[in-house]
Amino acid sequence: MATYAIGDIQGCYHTLQALLQRLAFDAEQDQLWLVGDIINRGSGSLAMLRWCYQHKDSVKMVLGNHDLHAIAVAHGAQSAHRSDTLQALFAAEDSQPLLNWLRMQPLIWAEHGYVMVHAGLHPHWTLNEALSLAGEVAAVLRGDDYIAYLQHMYGNTPTLWQPALEGYARLRMITNVCTRMRVCSASGELDYTFKGELKDLPDGLMPWFAVPERSSQGMTIICGHWSALGLYQQNNVYALDTGCLWGRQLTALCLETKQITQVNLDPRDQPR
(Lines give C-alpha, C1' and ligand atoms only; values in the text may rest on other atoms or scores of the structure.)
Protein backbone atom coordinates (compact mmCIF):
# COMPACT_ATOMS: atom_id res chain seq x y z
CA MET A 1 0.00 0.00 0.00
CA ALA A 2 1.21 3.48 -0.87
CA THR A 3 -0.12 6.97 -0.17
CA TYR A 4 0.36 9.65 -2.80
CA ALA A 5 -0.22 13.36 -2.24
CA ILE A 6 -0.94 15.20 -5.50
CA GLY A 7 -0.80 18.93 -6.21
CA ASP A 8 -3.44 21.15 -7.79
CA ILE A 9 -5.14 19.26 -10.65
CA GLN A 10 -7.63 21.98 -11.69
CA GLY A 11 -9.59 19.83 -14.07
CA CYS A 12 -6.56 18.29 -15.80
CA TYR A 13 -8.14 14.85 -15.87
CA HIS A 14 -5.99 13.25 -18.58
CA THR A 15 -2.82 14.46 -16.89
CA LEU A 16 -3.95 12.90 -13.63
CA GLN A 17 -4.58 9.58 -15.35
CA ALA A 18 -1.08 9.66 -16.84
CA LEU A 19 0.37 10.35 -13.39
CA LEU A 20 -1.61 7.51 -11.82
CA GLN A 21 -0.42 5.16 -14.54
CA ARG A 22 3.18 6.13 -13.90
CA LEU A 23 2.65 5.52 -10.18
CA ALA A 24 1.00 2.16 -10.89
CA PHE A 25 -1.77 3.39 -8.61
CA ASP A 26 -4.05 0.61 -7.35
CA ALA A 27 -7.37 1.96 -6.04
CA GLU A 28 -7.91 -1.27 -4.11
CA GLN A 29 -4.75 -0.79 -2.05
CA ASP A 30 -3.35 2.71 -2.44
CA GLN A 31 -4.60 6.10 -1.22
CA LEU A 32 -4.61 9.52 -2.87
CA TRP A 33 -4.34 12.75 -0.92
CA LEU A 34 -5.49 15.67 -3.08
CA VAL A 35 -4.50 19.15 -1.90
CA GLY A 36 -7.57 20.88 -3.32
CA ASP A 37 -8.41 22.74 -6.50
CA ILE A 38 -9.27 19.47 -8.18
CA ILE A 39 -11.56 21.27 -10.65
CA ASN A 40 -11.88 24.46 -12.74
CA ARG A 41 -9.66 26.09 -15.37
CA GLY A 42 -8.71 22.81 -17.07
CA SER A 43 -11.10 21.22 -19.57
CA GLY A 44 -11.94 18.08 -17.57
CA SER A 45 -13.67 19.26 -14.39
CA LEU A 46 -16.67 16.96 -14.82
CA ALA A 47 -14.53 13.88 -15.52
CA MET A 48 -12.25 14.80 -12.65
CA LEU A 49 -15.02 15.11 -10.09
CA ARG A 50 -16.71 11.94 -11.35
CA TRP A 51 -13.44 10.03 -10.95
CA CYS A 52 -12.95 11.27 -7.39
CA TYR A 53 -16.53 10.43 -6.47
CA GLN A 54 -16.22 6.96 -7.99
CA HIS A 55 -13.00 6.33 -6.06
CA LYS A 56 -14.00 8.20 -2.90
CA ASP A 57 -12.98 5.29 -0.68
CA SER A 58 -9.41 5.74 -1.95
CA VAL A 59 -9.35 9.55 -1.90
CA LYS A 60 -8.71 12.04 0.88
CA MET A 61 -9.00 15.65 -0.22
CA VAL A 62 -9.27 19.16 1.16
CA LEU A 63 -11.16 22.02 -0.39
CA GLY A 64 -9.34 24.64 -2.42
CA ASN A 65 -10.54 28.06 -3.49
CA HIS A 66 -11.58 26.81 -6.94
CA ASP A 67 -13.61 23.97 -5.42
CA LEU A 68 -15.42 26.41 -3.14
CA HIS A 69 -15.96 28.77 -6.06
CA ALA A 70 -17.59 26.01 -8.08
CA ILE A 71 -19.95 25.22 -5.22
CA ALA A 72 -20.83 28.90 -4.81
CA VAL A 73 -21.53 29.46 -8.51
CA ALA A 74 -23.58 26.27 -8.76
CA HIS A 75 -25.90 27.54 -6.01
CA GLY A 76 -26.18 31.07 -7.38
CA ALA A 77 -24.24 32.50 -4.45
CA GLN A 78 -21.54 33.99 -6.70
CA SER A 79 -21.17 34.92 -10.35
CA ALA A 80 -19.08 32.82 -12.68
CA HIS A 81 -15.67 34.08 -13.78
CA ARG A 82 -14.74 34.38 -17.43
CA SER A 83 -11.96 31.81 -16.97
CA ASP A 84 -14.22 29.20 -15.34
CA THR A 85 -14.61 25.86 -17.15
CA LEU A 86 -17.50 24.50 -15.12
CA GLN A 87 -20.40 24.55 -17.59
CA ALA A 88 -20.31 20.82 -18.38
CA LEU A 89 -20.22 20.01 -14.67
CA PHE A 90 -23.21 22.20 -13.90
CA ALA A 91 -25.20 20.77 -16.83
CA ALA A 92 -24.53 17.12 -15.99
CA GLU A 93 -27.36 14.93 -14.66
CA ASP A 94 -25.19 13.91 -11.72
CA SER A 95 -24.07 17.45 -10.92
CA GLN A 96 -25.97 17.66 -7.64
CA PRO A 97 -24.58 14.52 -5.96
CA LEU A 98 -21.08 15.36 -7.20
CA LEU A 99 -21.17 18.89 -5.81
CA ASN A 100 -22.82 17.74 -2.59
CA TRP A 101 -19.96 15.28 -2.08
CA LEU A 102 -17.45 18.04 -2.79
CA ARG A 103 -19.13 20.34 -0.26
CA MET A 104 -18.68 17.73 2.46
CA GLN A 105 -14.90 17.71 2.17
CA PRO A 106 -12.81 19.33 4.93
CA LEU A 107 -10.44 22.29 4.80
CA ILE A 108 -7.72 20.40 6.68
CA TRP A 109 -6.89 16.71 6.90
CA ALA A 110 -4.44 15.31 9.47
CA GLU A 111 -3.31 11.69 9.60
CA HIS A 112 -0.14 9.58 9.93
CA GLY A 113 1.89 12.58 11.11
CA TYR A 114 0.98 14.71 8.09
CA VAL A 115 -1.28 17.75 7.77
CA MET A 116 -2.85 18.53 4.40
CA VAL A 117 -4.35 21.92 3.58
CA HIS A 118 -4.77 23.73 0.29
CA ALA A 119 -2.91 26.98 1.01
CA GLY A 120 -1.41 26.76 4.50
CA LEU A 121 -1.85 27.16 8.24
CA HIS A 122 -1.84 30.60 9.84
CA PRO A 123 1.54 31.13 11.57
CA HIS A 124 -0.21 31.70 14.91
CA TRP A 125 -2.33 28.53 14.79
CA THR A 126 -1.33 25.30 16.46
CA LEU A 127 -2.52 22.16 14.73
CA ASN A 128 -5.32 21.67 17.24
CA GLU A 129 -6.46 25.26 16.77
CA ALA A 130 -6.32 24.92 12.99
CA LEU A 131 -8.38 21.73 13.04
CA SER A 132 -10.95 23.29 15.34
CA LEU A 133 -11.25 26.45 13.25
CA ALA A 134 -11.46 24.52 9.99
CA GLY A 135 -14.17 22.45 11.61
CA GLU A 136 -16.24 25.58 12.17
CA VAL A 137 -16.29 26.27 8.43
CA ALA A 138 -16.93 22.62 7.60
CA ALA A 139 -19.93 22.57 9.93
CA VAL A 140 -21.45 25.55 8.14
CA LEU A 141 -20.77 24.13 4.67
CA ARG A 142 -22.42 20.87 5.68
CA GLY A 143 -25.34 22.56 7.40
CA ASP A 144 -28.66 23.96 6.21
CA ASP A 145 -27.44 27.56 5.87
CA TYR A 146 -24.42 26.92 3.66
CA ILE A 147 -25.72 29.10 0.83
CA ALA A 148 -25.83 32.13 3.13
CA TYR A 149 -22.18 31.58 3.96
CA LEU A 150 -21.23 31.14 0.31
CA GLN A 151 -22.79 34.54 -0.36
CA HIS A 152 -20.48 36.12 2.25
CA MET A 153 -17.39 34.01 1.57
CA TYR A 154 -15.61 36.32 -0.89
CA GLY A 155 -13.45 39.23 0.21
CA ASN A 156 -9.96 40.15 1.41
CA THR A 157 -10.92 41.20 4.91
CA PRO A 158 -10.07 40.67 7.68
CA THR A 159 -6.31 40.37 7.12
CA LEU A 160 -5.29 39.95 10.75
CA TRP A 161 -6.45 36.92 12.71
CA GLN A 162 -8.08 37.63 16.05
CA PRO A 163 -9.63 34.83 18.15
CA ALA A 164 -12.48 37.22 18.99
CA LEU A 165 -13.61 37.47 15.36
CA GLU A 166 -17.25 36.51 14.94
CA GLY A 167 -19.81 35.67 12.29
CA TYR A 168 -19.02 35.76 8.59
CA ALA A 169 -15.79 37.73 9.14
CA ARG A 170 -14.45 34.87 11.25
CA LEU A 171 -15.53 32.17 8.82
CA ARG A 172 -14.22 34.13 5.84
CA MET A 173 -10.78 34.57 7.36
CA ILE A 174 -10.50 30.91 8.31
CA THR A 175 -11.46 30.00 4.75
CA ASN A 176 -9.03 32.50 3.25
CA VAL A 177 -6.16 31.23 5.39
CA CYS A 178 -6.79 27.62 4.43
CA THR A 179 -7.51 28.17 0.74
CA ARG A 180 -5.90 31.46 -0.40
CA MET A 181 -2.96 32.40 1.84
CA ARG A 182 0.54 32.68 0.40
CA VAL A 183 2.39 35.46 2.21
CA CYS A 184 2.03 37.59 5.30
CA SER A 185 3.96 39.97 7.51
CA ALA A 186 6.09 38.86 10.44
CA SER A 187 3.11 39.64 12.68
CA GLY A 188 0.88 37.31 10.66
CA GLU A 189 -1.13 39.92 8.72
CA LEU A 190 -2.11 38.39 5.39
CA ASP A 191 -1.53 39.86 1.95
CA TYR A 192 -3.83 38.35 -0.69
CA THR A 193 -2.42 40.17 -3.72
CA PHE A 194 1.07 38.69 -4.13
CA LYS A 195 1.16 35.56 -6.32
CA GLY A 196 4.70 35.65 -7.67
CA GLU A 197 8.01 33.92 -7.08
CA LEU A 198 9.98 34.08 -3.85
CA LYS A 199 12.65 36.27 -5.46
CA ASP A 200 10.03 38.95 -6.11
CA LEU A 201 8.62 39.18 -2.58
CA PRO A 202 7.97 42.79 -1.55
CA ASP A 203 9.70 44.12 1.54
CA GLY A 204 7.86 43.28 4.72
CA LEU A 205 6.26 40.10 3.38
CA MET A 206 7.34 36.48 3.72
CA PRO A 207 5.88 33.05 2.95
CA TRP A 208 3.48 31.93 5.68
CA PHE A 209 5.78 28.98 6.41
CA ALA A 210 8.83 31.24 6.95
CA VAL A 211 7.37 33.33 9.77
CA PRO A 212 9.71 33.07 12.77
CA GLU A 213 8.41 30.85 15.57
CA ARG A 214 5.50 29.59 13.47
CA SER A 215 3.22 27.62 15.77
CA SER A 216 2.98 24.68 13.35
CA GLN A 217 6.68 24.41 12.49
CA GLY A 218 6.91 20.97 14.09
CA MET A 219 4.20 19.64 11.78
CA THR A 220 4.84 18.11 8.34
CA ILE A 221 2.49 20.07 6.08
CA ILE A 222 1.39 19.20 2.55
CA CYS A 223 -0.13 22.05 0.54
CA GLY A 224 -0.56 23.53 -2.93
CA HIS A 225 -2.16 26.73 -4.28
CA TRP A 226 1.05 28.69 -4.99
CA SER A 227 2.01 27.68 -8.53
CA ALA A 228 4.75 30.33 -8.82
CA LEU A 229 6.47 28.80 -5.79
CA GLY A 230 6.69 25.46 -7.56
CA LEU A 231 7.88 22.32 -5.86
CA TYR A 232 9.05 23.24 -2.36
CA GLN A 233 10.46 20.74 0.16
CA GLN A 234 11.86 22.59 3.15
CA ASN A 235 10.95 23.48 6.73
CA ASN A 236 8.68 20.41 7.03
CA VAL A 237 6.57 21.83 4.19
CA TYR A 238 5.84 20.03 0.93
CA ALA A 239 4.25 22.45 -1.54
CA LEU A 240 3.09 20.49 -4.59
CA ASP A 241 1.42 22.98 -6.95
CA THR A 242 3.82 22.88 -9.88
CA GLY A 243 1.65 24.72 -12.38
CA CYS A 244 0.25 21.82 -14.39
CA LEU A 245 -2.55 23.98 -15.75
CA TRP A 246 -0.03 26.51 -16.99
CA GLY A 247 1.82 23.99 -19.12
CA ARG A 248 4.17 22.59 -16.49
CA GLN A 249 3.90 19.41 -14.40
CA LEU A 250 1.50 17.57 -12.15
CA THR A 251 3.36 16.37 -9.06
CA ALA A 252 2.90 13.44 -6.67
CA LEU A 253 4.69 12.85 -3.38
CA CYS A 254 4.79 9.32 -1.94
CA LEU A 255 4.34 9.79 1.81
CA GLU A 256 6.09 6.54 2.65
CA THR A 257 9.25 7.09 0.59
CA LYS A 258 9.22 10.89 -0.05
CA GLN A 259 9.78 10.12 -3.75
CA ILE A 260 8.57 12.77 -6.18
CA THR A 261 6.91 11.73 -9.47
CA GLN A 262 5.88 14.21 -12.17
CA VAL A 263 4.20 14.19 -15.57
CA ASN A 264 3.80 17.00 -18.06
CA LEU A 265 0.45 18.56 -18.89
CA ASP A 266 -1.61 16.54 -21.36
CA PRO A 267 -2.61 19.00 -24.14
CA ARG A 268 -6.17 17.68 -24.01
CA ASP A 269 -6.56 19.29 -20.58
CA GLN A 270 -5.88 22.85 -21.72
CA PRO A 271 -8.91 25.15 -21.64
CA ARG A 272 -10.73 25.28 -24.93
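If you read the sequence from its start, that first residue is 1, and numbering goes on from there. The structure displayed is predicted, hence computed values, not measured ones.
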Open item on the list: Can you see whether Tyr192 has Arg180 sitting over its ring - NZ or CZ less than 6.0 Å from the centre and within 45° of the normal?
Closed with: yes
TODO: Would you check if there is a donor-acceptor pair between the side chains of Ser43 and Arg268 at a distance under 3.5 Å?
DONE: no
Open item on the list: For Tyr114 together with Tyr238, are the ring centres under 6.0 Å from each other?
Closed with: no
- [ ] Taking the side chain as every heavy atom from C-beta outward, state whether Trp161 and Ile174 have any pair of such atoms under 4.5 Å apart.
- [x] yes
Open item on the list: More than 12 heavy atoms of other residues, nucleotides or ligands under 6.0 Å from CZ of Arg142: yes or no?
Closed with: yes
Task: CG/Asp145: more than 12 non-hydrogen atoms of other groups inside 6.0 Å - done: no
Open item on the list: Can you confirm whether Glu166 is buried at CD, in the sense that more than 12 heavy atoms of other residues, nucleotides or ligands lie under 6.0 Å from that atom?
Closed with: no
TODO: Report yes if the side chains of Leu46 and Asp94 come closer than 4.5 Å at any heavy-atom pair, otherwise no.
DONE: yes
Task: Between Gln31 and Thr3, a side-chain donor and acceptor under 3.5 Å - done: no
Task: Taking every non-hydrogen atom, the tightest pair across Thr157 and Arg172 - done: O-NH1, 2.9 Å
Open item on the list: Between Leu229 and Arg182, does the side-chain contact (heavy atoms from CB on, under 4.5 Å) criterion hold? Intermediate values first, please.
Closed with: CA-CA 9 Å; Leu229 176 66; Arg182 295 183 180 92; over 6 Å; no
Task: His69 side chain to Asp84 side chain, donor-acceptor N/O pair below 3.5 angstrom - done: yes
- [ ] Considering non-hydrogen atoms only, spot the tightest contact between Ala252 and Ile6 and give its length.
- [x] CB-CG1, 3.9 Å
Task: Shared hydrophobic cluster for Leu133 and Trp109 (ILVMFWY, side-chain gaps under 4.5 Å) - done: no
- [ ] State, without any angle test, whether Tyr4 and Thr261 hold a side-chain donor-acceptor pair at a distance under 3.5 Å.
- [x] no
Task: Apart from Leu265 itself, residues in the same hydrophobic cluster as defined by side-chain heavy atoms under 4.5 Å - done: none
- [ ] Output yes when a side-chain donor or acceptor of Asp30 lies under 3.5 Å from a complementary backbone atom of Ala2, and no otherwise.
- [x] yes
